[in-house]
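Input: a single structure, listed below in structure tokens.
A, B, ... follow the sequence lines: proteins, then strands. Residue 1 opens every chain.
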Protein chains: 2
Amino acid sequence: MAHTDRLLPTLRDVATAAGVSVGTASKVLSGGGGVSALRAQRVWDAARRLGYRRNGIAADLRRGRPSSIGFVLPDLTNQFFVDIARALENHALEHGYQLIMAHADEDPARELERIRFVLSRQVAGMIIIPCRGYEHAIDEVRECHVPLVMADRVDETFPAHTVTTDSHGASSDGTDHLIALGHERIAFLVNTLDLVNSRERADGYIAAMRRAGLDAFIQVVECGMTAAEIHASTLDVLKSGVRPTALFAGGNVTTLGALRAIRDANLHLPDDISLLSFDDAPWMSVLRPYLSSIRQPVETIGHAIWQLMLKLLNGERGEPVHLSFKAELLVRESTAPVPVVALQRA
Amino acid sequence: MAHTDRLLPTLRDVATAAGVSVGTASKVLSGGGGVSALRAQRVWDAARRLGYRRNGIAADLRRGRPSSIGFVLPDLTNQFFVDIARALENHALEHGYQLIMAHADEDPARELERIRFVLSRQVAGMIIIPCRGYEHAIDEVRECHVPLVMADRVDETFPAHTVTTDSHGASSDGTDHLIALGHERIAFLVNTLDLVNSRERADGYIAAMRRAGLDAFIQVVECGMTAAEIHASTLDVLKSGVRPTALFAGGNVTTLGALRAIRDANLHLPDDISLLSFDDAPWMSVLRPYLSSIRQPVETIGHAIWQLMLKLLNGERGEPVHLSFKAELLVRESTAPVPVVALQRA
DNA sequence: CTGTTAGCGCGTTCAA
DNA sequence: TTGAACGCGCTAACAG
């Protein structure tokens with residue numbers, strides 16, 4: 001009558017119930033062969049009868065080789081990150097790993113906390129999309145010698161594998177598109193310049209403006225992380241003396257905030273003002289006009305992250321690899337030639 | 001020189017490095033008192049020097065009392081679920097628990113797999129928002145005697161604590177609103193009637209229609225789970241002989257699909273057709289016209305789920321409790337009186 | 001093929 | 001106050 005006080009039956013309970021040894025039971029239940037059909041059946045029956053559930057953490061502990069990998073992401077609200085999470089989860093599952101997701105909520109303190117938690121779960125590897133001020137957090141991981149792949153909000157100076165979108169290029173292309181439409185007063189809305197990728201997006205915009213000789217019109221606006229903050233900042237821009245003829249929103253959430261501001265300022269897309277969104281999202285397809293946007297290659301990025309992780313998992317060490325993928329400019333309806341009024345005013 | 005082959009230092013390594021026993025080191029590092037300041041300091045120093053990281057799963061294993069609770073959700077794409085996840089995570093963290101999120105991706109097979117995984121992680125409790133055909137999955141959990149709280153897609157016949165929105169009431173209110181505007185031909189778009197809450201939403205609509213004597217106009221359309229499927233189904237509805245003057249979309253994703261169809265059919269909100277959305281989402285605020293919608297009390301629901309879980313965690317057993325919360329009807333711009341043309345045609 | 005046994009890293013007795 | 005020893009549930013190595 002072992003373990004009558006415990007709620008969950010253990011492997012030993014199953015073994016005794018089946019009249020075999022723990023070793024045999026273990027072999028059967030963990031899928032290994034080398035057990036007679038008769039006994040195997042007895043074990044399965046006993047397990048089912050007792051409602052046995054294998055204790056995965058004990059197994060991992062014993063084996064010394066964890067079966068899950070951690071994924072820390074900064075914002076569940078951001079479709080882009082969620083898409084990556086889905087891609088990663090699929091890849092991980094295919095390769096027999098479980099993905100443990102943790103949510104930093106754009107808060108460095110919480111990020112650190114979450115990283116520690118995931119680490120304490122003895123994951124085989126860590127994939128992180130960091131938030132602002134992630135420096136300490138990363139040290140934490142690197143000290144553990146846990147395979148690490150960083151994504152999106154990093155650059156190639158980072159001392160580990162990284163996978164990113166070519167933010168600079170995409171942003172520069174987007175700006176070129178706007179310029180080609182005749183826009184000069186183009187404002188770039190960015191959540192914060194504390195984030196590497198946001199900074200690169202801003203830099204890409206600046207580079208394109210310079211290239212076109214529009215130095216005088218460069219306007220980078222730091223809007224904040226939340227839609228509410230962005231809303232307010234954008235409204236300021238729109239109500240300022242000379243209004244831009246085009247807005248380039250540096251991300252998913254920024255676009256949302258900007259749209260609210262445009263609405264409140266009672267302006268119409270694209271006649272009164274053009275809007276280009278860095279990041280595409282499902283809801284953009286139902287706007288009138290359909291938003292022009294820059295689509296990051298989510299699947300490609302997810303796949304690349306996983307490939308890098310797999311190599312690490314297989315023990316391949318070596319110089320950090322820095323992968324960067326081209327984004328796609330989707331010209332739709334929210335970007336149009338500069339209205340004549342604006343041209344005349346200039 | 002113990003464990004030189006291991007990458008991660010263990011408690012024993014710290015202990016030997018500090019010149020104390022494992023017991024002492026354990027006491028220090030797990031925050032317990034009863035250790036002299038001198039030795040405590042030595043342990044801390046050693047831990048820091050070695051980069052010691054506590055093995056949380058080993059600790060849980062030994063203690064027999066897990067510190068995390070599982071949350072299985074069906075769709076990361078759905079803002080409503082994500083909001084609940086955030087709320088739950090906050091509550092859990094506040095109470096010293098970690099939330100392990102798992103994503104079923106609207107796939108019963110995967111849901112089962114994910115539930116098994118979470119269970120294998122020896123969680124202290126389980127919170128599940130199920131997807132279609134979840135029956136087996138649930139048995140899985142209940143057999144384990146793990147504290148279980150079900151949410152959203154369940155009804156009060158379920159033999160465990162449940163927290164839901166009053167779908168029937170909300171849906172009925174919404175329909176009344178449409179009827180009050182003079183609409184008769186109101187179509188109800190639902191993802192699938194296999195989901196209890198969707199069914200209740202449909203029932204609420206039907207009840208309201210009957211109450212108004214509009215039995216003849218009742219039209220419930222099963223559209224499918226993805227935006228693409230919904231898009232197609234809705235298009236069929238819009239192109240059919242007598243077009244409805246109002247659409248009531250039974251959820252977040254359904255609204256998205258419906259909007260795409262409305263766009264493709266080249267109809268305008270709310271002049272050509274009215275649209276009411278069950279579920280509110282951030283992006284709805286940037287639509288012109290601003291979408292009328294039904295907002296579920298996410299925070300309240302999240303809080304209630306957690307309270308129930310806490311009770312279970314504290315050992316309070318007893319009859320299953322079934323909590324249901326009222327949703328809020330947000331009348332905005334996408335619902336308007338029936339256009340005169342439609343009235344005349346009727 | 002099968003059973004026995006030694007730990008995985010940790011918390012927790014119990015003596016000293 | 002401290003340290004030694006035990007065992008959480010499991011797997012793997014070995015002996016039969």
Closer than 4.0 Å, any side-chain N/O of B:T10 to the OP1 or OP2 of C:dC10?
->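 Answer is yes, contact under 4.0 Å.
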Return the value, rounded to whole Å, for the distance between atom [atom1] of [X] and atom [atom2] of [N].
{"X": "B:Q122", "N": "C:dC10", "atom1": "CD", "atom2": "C1'", "answer": "16 Å"}
{"X": "A:N55", "N": "C:dC8", "atom1": "CG", "atom2": "P", "answer": "18 Å"}
{"X": "B:L61", "N": "D:dC8", "atom1": "CG", "atom2": "C1'", "answer": "4 Å"}
{"X": "A:R62", "N": "C:dC10", "atom1": "CZ", "atom2": "P", "answer": "15 Å"}
{"X": "B:D60", "N": "C:dG9", "atom1": "CG", "atom2": "C1'", "answer": "12 Å"}
{"X": "A:L38", "N": "C:dT2", "atom1": "CG", "atom2": "C1'", "answer": "13 Å"}

Is B:R153 salt-bridged to B:E106, cutoff N-O under 4.0 Å?
-> yes
Is the closest side-chain heavy-atom distance between B:D152 and B:I301 below 4.5 Å?
->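 Side chain of B:D152 against side chain of B:I301, heavy atoms only: no contact under 4.5 Å found.
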Between B:F117 and A:L99, does a side-chain contact (heavy atoms from CB on, under 4.5 Å) hold up when you go through it step by step?
-> CA-CA 10 Å; B:F117 167 69; A:L99 197 71; over 6 Å; no
Within residues 40-53 of chain A, find the residues that approach DNA chain C with a heavy atom at under 4.0 Å, and present them sorted by residue number.
->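 Residues of residues 40-53 of chain A under 4.0 Å from DNA chain C: none.
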Would you tabulate the pairs of protein nitrogen or oxygen atoms and nucleotide nitrogen or oxygen atoms of nucleotides 3-5 of chain D closer than 3.5 angstrom?
| residue | atom | partner | partner atom | Å |
| --- | --- | --- | --- | --- |
| D:dG3 | OP1 | B:R39 | NH1 | 3.1 |
| D:dG3 | OP2 | B:S21 | N | 3.1 |
| D:dG3 | OP2 | B:S21 | OG | 3.4 |
| D:dG3 | OP2 | B:T24 | OG1 | 2.8 |
| D:dG3 | OP2 | B:R39 | NH1 | 3.4 |

Locate the shortest heavy-atom distance separating A:F81 from A:D75; write the atom from each residue and the value.
-> CD1-O, 3.5 Å
What does B:S36 touch in the nucleic acid at a heavy-atom separation under 4.0 angstrom: a base, only the sugar-phosphate, or nothing?
->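 Sugar-phosphate, backbone atoms only, no base.
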Tell me which of B:A58 and A:R63 sits closer to the 5' end of DNA chain D, going by the nucleotide each one is nearest to.
->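 Whichever sits nearer the 5' end wins; that is B:A58.
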Would you say the side-chain atoms of A:R132 pair up with the backbone N or O of A:D107, donor to acceptor, closer than 3.5 Å?
->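 Answer holds: no.
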Per the atom types in the model, does the base of D:dG9 pair as donor or acceptor with the side chain of A:R12 at under 3.5 Å?
-> no
More than 12 non-hydrogen atoms from neighbouring residues, nucleotides or ligands closer than 6.0 Å to CZ on A:R63, yes or no?
-> yes
